[in-house]
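Have a look at the structure below, then the notes.
Computed over heavy atoms, backbone and side chain alike; hydrogens, waters and symmetry mates excluded.
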Amino acid sequence: MIDRRSFIKSAGALTVAAATHSLWLGNAFAAQADKPKKGGHLVVGVDNASSTDRLDPAFWFETYMYFVGSQMFNNLVEIDENAKLAPSLAESWASTDSSKTWVLKIRQGVQFHDGRSLGAKDVVYSLNHHRGEKSTSPVKGYLDPVSSIEATGEHEVTIKLTAPDVEFVWLLSAVHFAITAENESFDKGIGTGAFILEKFQPGVTTLTKRNPNYWNSERGHVDSVETLAMNDSTARVAALVSGSAQLVNRVNPRIVSRIERMPNLKLVRAKDSMIYTFPGLSNLAPFDNVDGRLALKYAIDRQKIIDTVLGGYASVANDNPIFPSNRYFAKDIPQRPYDPEKAQFHWKKSGFSGPLTLNVADAGFPGAVDAGQIYQQSAAKAGINLNVVRVPDDAFWNDIWQKKAFVSSNWANRPTADALLSLVFASQSSWNESAWHVPEFDAMVKAARGEPDEARRRQIYHDIQVMLVDQGSEIIPLYADALDGCSSKIKGFTSVPGMPLSGNRAAEKVWIEG
């Protein structure tokens with residue numbers, strides 16, 4: 001999922017330094033200094049596509065639509081290769097009243113694909129698209145603290161909050177906050193992006209062509225992009241090896257050594273980029289009590305999953321969703337070990353006799369089926385009868401996730417701790433995958449969001465992490481590294497910490513040599 005990072009560009013704004021780690025594998029390469037070449041047809045294989053996909057960002061669900069949508073739309077801001085907040089359609093932003101009111105200056109001279117000029121009213125319309133009681137947008141919660149969004153000039157937008165939020169502008173980098181023209185349907189795909197929509201066949205393919213009027217002269221090099229829906233990891237790698245795709249996401253760690261030996265291919269590793277999770281619905285047994293949750297946290301052999309399923313391309317997580325690279329990461333919380341005896345103790349105390357069904361699909365996270373089987377074996381040693389059921393990838397997000405009691409899932413890193421916590425654990429979030437409804441938690445997240453004192457803010461985030469580690473209804477066994485692959489003819493493919501496919505914008509960043 002990410003999930004998954006650093007400063008706010010404003011007068012007197014907060015500076016956030018995020019530690020990042022990236023390692024190039026195979027034929028090592030970084031952002032090339034070569035002059036980009038125009039032309040060529042780029043074919044990309046991406047997973048987590050669905051026949052129900054839409055171009056409306058309020059309904060974007062996973063990697064495929066993030067990547068496709070980013071070809072057609074821009075955000076106000078984005079995260080760059082150094083994990084810092086960078087301008088996009090917003091050239092600058094500032095707050096003059098302790099982060100309760102934010103003023104954004106909108107870039108001038110930008111055209112939508114149909115020739116209309118970008119203005120403040122388009123931004124207001126696009127952001128408001130995610131607001132309202134009936135909105136099911138996954139980023140609706142990010143805007144719940146907003147009291148008003150107004151065009152205070154032809155190219156100026158003022159956003160007022162009900163409470164201070166020192167990192168609010170960071171949230172606008174979320175891929176869902178794409179910008180379209182005022183009163184336009186997002187499903188038409190009319191944006192300001194590097195590529196114009198030619199064909200969209202949900203769950204199959206998307207074809208775009210280069211936008212000749214793209215405002216960013218440093219991007220948008222290839223003539224066209226064909227994004228193929230490839231949910232099967234084996235099919236993606238096969239397409240890369242055969243040359244039928246020049247770029248793919250989520251390379252299986254087990255075949256990294258094979259790819260390394262191929263001089264015509266490249267791999268990039270972004271360390272600790274995603275959390276792989278097993279969320280349990282906290283309103284259903286055995287997750288409706290702390291003992292049931294603790295039993296399942298002690299019953300998983302995290303290191304064995306990393307070694308066996310991920311080939312070592314991950315690090316052990318402690319049921320903590322905050323990434324180690326985040327400056328608020330609570331590194332002093334003791335790591336919970338695999339302990340069958342403690343698992344058995346808490347399982348009996350929970351009063352749940354089982355069996356418990358774990359529904360898994362590689363759509364949930366790559367290797368989820370194998371990880372589930374290892375989990376089943378380790379839990380059995382604690383007397384926990386874990387029934388692992390493999391479900392189809394295509395139906396997973398619509399029919400299984402948030403509907404079954406225990407499933408597989410994943411999240412890419414997010415630009416701030418608040419962004420991840422508000423999206424995945426806040427009571428009102430439509431993506432609260434464990435049905436975690438704890439008023440005390442919501443209050444702490446809100447308090448941290450507006451706390452100007454750094455020491456107090458850090459303590460609140462520490463307490464939040466302790467709560468999730470000890471009481472949360474998600475088993476989070478590991479932080480996974482992101483592995484993307486491409487042809488050696490692809491240049492300009494950079495790594496954005498915590499995000500696959502160069503921050504979902506590889507299509508507009510790369511060019512083709514030869």
* **side-chain contact (heavy atoms from CB on, under 4.5 Å) between R449 and S422, intermediate numbers included** => CA-CA 10 Å; R449 185 182 301 142; S422 297; 3.1 Å; yes
* To do: Take Y276 and L478, measure what side-chain contact (heavy atoms from CB on, under 4.5 Å) needs, and give me the verdict at the end.
  => CA-CA 6 Å; Y276 288 177; L478 57 90; 3.5 Å; yes
* Asked: Within a reach of under 6.0 Å around NZ of K199, are more than 12 heavy atoms found that belong to other residues, nucleotides or ligands?
  -> no
* Might you confirm whether atom CD of Q428 has over 12 heavy atoms from other residues, nucleotides or ligands at distances under 6.0 Å? => no
Side chain of [X], backbone of [Y]: donor and acceptor closer than 3.5 Å?
X	Y	value
N398	A395	no
D53	P202	no
Q402	S430	yes
E226	V43	no
Y142	A419	yes
R505	S70	yes
N82	K84	no
R302	V316	no
Y64	T227	yes
D122	E182	yes

Side chains of [Y] and [X]: any donor to acceptor distance under 3.5 Å?
X	Y	answer
S135	S137	no
S502	T494	yes
D272	S325	no
T192	R107	no
S88	N75	no
D418	Y328	no

Please report the closest heavy-atom contact between [X] and [Y], naming both atoms and the distance.
X	Y	answer
P477	I300	CB-CD1, 3.8 Å
T63	L501	CG2-CD1, 4.2 Å
W60	P138	O-CG, 4.2 Å
W411	T277	CD1-CG2, 4.2 Å
N432	A426	ND2-O, 3.1 Å
A245	V248	CB-CG1, 4.2 Å

* To do: Name all residues meeting the side-chain contact (heavy atoms from CB on, under 4.5 Å) criterion together with V157; count only those two or more places apart in sequence or in a different chain, and write none if there are none.
  => I106, A120, V123, V124, I149, I159
Assess the pair [X] and [Y]: is the distance between their ring centroids shorter than 6.0 Å?
X	Y	result
F61	W431	yes
F186	F59	no
H176	Y66	yes

* **Where at least one partner belongs to residues 229-263, residue pairs that pass ring-ring contact (aromatic ring centres under 6.0 Å, His included), sequence neighbours excluded** => none
* **Residue pairs involving residues 218-247 (criterion ring-ring contact (aromatic ring centres under 6.0 Å, His included); sequence neighbours excluded)** => H221-W511
* Asked: So among D481, D47, D484, which one has a salt bridge (charged side-chain N to carboxylate O under 4.0 Å, His left out) with R250?
  -> D47
* To do: Apply side-chain contact (heavy atoms from CB on, under 4.5 Å) to the pair L171 and D165, showing each step before the final yes or no.
  => CA-CA 10 Å; L171 300 180; D165 186 346; 4.1 Å; yes
* Which of parallel (below 30°), tilted (30 to 60°) and perpendicular (above 60°) describes H129 and Y125? -> tilted
* On the 0 to 90° scale, with breaks at 30° and 60°, tag the Y375-F278 ring pair as parallel, tilted or perpendicular. => tilted
* Do the non-hydrogen side-chain atoms of F287 and L296 ever get within less than 4.5 Å of each other? -> yes
* To do: In sequence, state the C-alpha distance, the side-chain angles, and the governing distance for I79 and W170, and then conclude on side-chain contact (heavy atoms from CB on, under 4.5 Å).
  => CA-CA 9 Å; I79 306 299; W170 280 86; 3.3 Å; yes
* **E513 with K489: basic N within carboxylate O range, under 4.0 Å** => no
